[in-house]
Amino acid sequence: MKRLHLAIFVILLVLASGLGWFFGQQSTRSSTASSNLASDSLGDAAMTKANNGVVQDNSGKTVLYWYDPMVPNQKFDKPGKSPFMDMQLAPKYANASSNGNEGNDENSVEISAQTTQNLGIRLEKVAMQSFGKSFSTIGRIEPNERRIYVVQTRVPGFVERLTLRAVGDPVSKGQKVAEIYAPELLAAQQEYLTILSLNGIDNDNSLKDAARSRLKLLGMTEGEISAITKSGQASPRFGVYAPASGVVTELGVREGGQLMAGSSLVQIVDLSQVWVIAEVPERDAARLKLGIAVEVQLQSLPGEVFNGKVAYLYPMLNDSARTLQVRIELTNQGNRLRPGMFANIVFTGQKYEALSVSSDSIIATGKRKIVIVKEANGYRPVEVITGQEHDQMTEILSGLAVDEAVVISGQFLIDSEASLSGVLARLSHNNQSSTEKLLSPNKVASSKSSSKPEMADMRETPKVLETADSNKIKMPNGRGRIIELDIQSSKVILYHEPIEALGWPAMTMGFKVKDSKQLNQLKAGDAVEFDLKAQPAEKPNMPTQYGIERLTKVSTSKASQMGAKP
């Protein structure tokens, strides 16, 4: 009987212990769940704390709005998944000024001092510089056609002596070029000497003067006629003399050769003055006038400028080149200007002072020209209108002021950051309104009540995401690493390197793969290369979506060179 009571007591004790342990575990779970719920509530409270209707995060910085880095012009008032890409929205923080206060200048980007130093960013101030209403073209040096001389004989004969033997030989004015034997001239000399020997017949000297004039017409000089008059003997040869100084450009006969009446013996060009023939494009022809000052520079004489004026405008336009020829006359001291040389020609007008920056600071996007300006809170892209360019300096017609600091080195990296932040996309909006609210009240209310944030006014988006025909961008390619893949749904999440063809920075994104068989041999962590193809937009006016057309694993050697890391 005692044994029965003892057994019942042990059973009751075991049951009581089991019930105590069970209720203890339930209490522990309940307290744990309560604490987790409390912590989640605290986290949600930290994330849902709003500032001007915008959800803040726990970073301690002021969030101006949330945005998709691929569509930076679209603003949202709370975090979530982007309606455009398979990625989370990112916060846009207010820039901190030098005194520690935060500002909400959305048109500037902030670059740390260390990054500025690493990028080698250099600044230069906007200054006034002298410009002229000038334009430039090219030309060539040519001989002055008014100073070309042809030496000929007036009677047939034979060249018995030639002092000039080759083209290019220099010649001085009055120098004897050749000695010619001419039977016709010899007969005329003998006739002249015969008339001189007759007495009492030519009392008025008319016959003597006629014979003397005939010798001149046949080519004899006054000195040669005087010489035969004194000697009383005819000279079998007569000389041919250079009419001007210059160089021989043509040699029509050799020593011992026969000459016919009127044939060319030599051609001489005087190069003391030359012409510069400029080829001016048809679009600038209306700006030309006689007497305009001209600066001529030659490649063979760097740093030296020859000044001249427009002397003549040719009446005919070159049909094939569509250029107008302009003649400029230059004095050729020392014969340094040689025919055939090419020249750079600048037609200058009236000088004036204008704002200028280094030409290296100008970023030409095709639609506009942008300069990066340094401010206290960071860097701000400014759209400018440019004028002339001279000596690596560009005239600024509007957009900048004197002493503003502009970036002349590293500006393309800042421009890239500005593009990702949506600063460039907002330039056109700021011309219409100096102050723009983050979201209008009706859009804030709509985004709070909707599961998807509502987009702001979509007046301009980055060029790589505009709705366009996929043929405009042919198969952009990239490299990255697989974060996650789903073979059944043909989807893959990649961390890819920057894709320059689309203007995308390095980031983690999800893509749909055209052929799911390409995923069979891949796994998370593999380095891959891929080709993208634009997909048809589901709705009108939506940004272009891209899918993976080809996805392949890269070799170990290539993978070690890739900069993308998950």
Side-chain angles (χ1 to χ4, degrees), residues 36 39-40 43-44 47 57-59 66-72 74 76 78-91 413 416-417 419-421 451-453 462 464-465 468 470-539 542-566:
N36 290 339
S39 63
D40 291 342
D44 291 341
M47 284 297 295
D57 59 9
N58 54 6
S59 64
W66 298 80
Y67 71 102
D68 184 343
M70 304 307 300
V71 192
Q74 312 308 314
F76 306 95
K78 64 181 181 180
K81 195 171 184 179
S82 169
F84 310 114
M85 297 292 175
D86 189 8
M87 58 190 301
Q88 296 295 319
L89 298 175
L413 298 174
S416 176
E417 174 64 24
S419 298
L420 293 177
S421 301
S451 59
K452 278 190 177 181
V464 297
L465 293 176
S470 60
N471 292 330
K472 291 185 178 180
I473 301 178
K474 296 183 179 180
M475 302 295 287
N477 55 71
R479 299 190 302 179
R481 290 186 183 276
I482 296 178
I483 304 300
E484 185 180 340
L485 55 83
D486 187 351
I487 298 178
Q488 293 182 352
S489 60
S490 299
K491 290 185 177 180
V492 62
I493 298 177
L494 300 174
Y495 181 88
H496 62 74
E497 295 179 349
I499 303 177
E500 296 182 0
L502 298 176
W504 289 1
M507 63 176 66
T508 301
M509 296 179 60
F511 295 95
K512 189 172 184 63
V513 182
K514 179 180 179 180
D515 188 359
S516 61
K517 295 180 180 179
Q518 300 180 72
L519 302 176
N520 292 336
Q521 306 298 325
L522 300 175
K523 63 181 184 301
D526 284 347
V528 293
E529 290 181 341
F530 55 90
D531 292 338
L532 298 176
K533 185 176 181 181
Q535 305 295 326
E538 297 180 357
K539 297 181 180 179
M542 288 294 290
T544 304
Q545 300 284 344
Y546 290 89
I548 293 180
E549 189 78 6
R550 180 188 64 86
L551 181 67
T552 58
K553 183 178 180 180
V554 301
S555 62
T556 307
S557 59
K558 284 188 177 182
S560 62
Q561 300 174 1
M562 291 174 57
K565 295 183 179 179

Residue pair Leu519, Asp486: steps toward the side chain to side chain contact (heavy atoms under 4.5 Å, CB included) verdict: CA-CA 8 Å; Leu519 302 176; Asp486 187 351; over 6 Å; no
Audit row: Thr552, Phe530, side chain to side chain contact (heavy atoms under 4.5 Å, CB included) steps and yes/no: CA-CA 6 Å; Thr552 58; Phe530 55 90; over 6 Å; no
Residue pair His496, Arg479: steps toward the side chain to side chain contact (heavy atoms under 4.5 Å, CB included) verdict: CA-CA 6 Å; His496 62 74; Arg479 299 190 302 179; over 6 Å; no
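Here the closest heavy-atom approach between residue Ile487 and residue Ser516 is recorded as O-CB, 3.7 Å. The heavy-atom pair separating Ala506 from Tyr495 by the smallest distance is CB-OH, 4.0 Å. Gln521 and Asp526 make their closest contact through O-OD2, 4.2 Å (heavy atoms, listed as atom of the first residue, atom of the second, distance). The shortest non-hydrogen separation linking Lys553 to Leu522 is CB-CD2, 3.6 Å. Across all their heavy atoms, Leu89 and Lys78 have their closest contact at CD1-O, 3.7 Å. Closest non-hydrogen pair, Glu549 versus Gln518, comes out as O-NE2, 3.5 Å.
For the pair Ile482/Ile493, no side-chain contact is recorded, criterion being any heavy-atom separation below 4.5 Å from C-beta on. A heavy-atom distance below 4.5 Å is found between the side chains of Leu532 and Ile499.
The structure places CD of Glu497 at 9.5 Å from CD of Glu529, a figure rounded to the nearest 0.5 Å. Here the straight-line distance linking atom OG of Ser82 with atom OH of Tyr67 works out to 12.0 Å at 0.5 Å rounding.
Between Tyr546 and Trp504, the ring-plane angle classifies as perpendicular under the 30° and 60° cut-offs.
No donor-acceptor distance shorter than 3.5 angstrom exists from the side chain of Lys533 to the backbone of Arg550, with no hydrogens or angles considered.
A side-chain contact (heavy atoms from CB on, under 4.5 Å) with Asp531 is found for exactly one of Leu551, Asn477, Ile548, namely Asn477.
With a 6.0 Å radius and a threshold of 12 heavy atoms from other residues, nucleotides or ligands, Lys512 has its NZ atom above the threshold.
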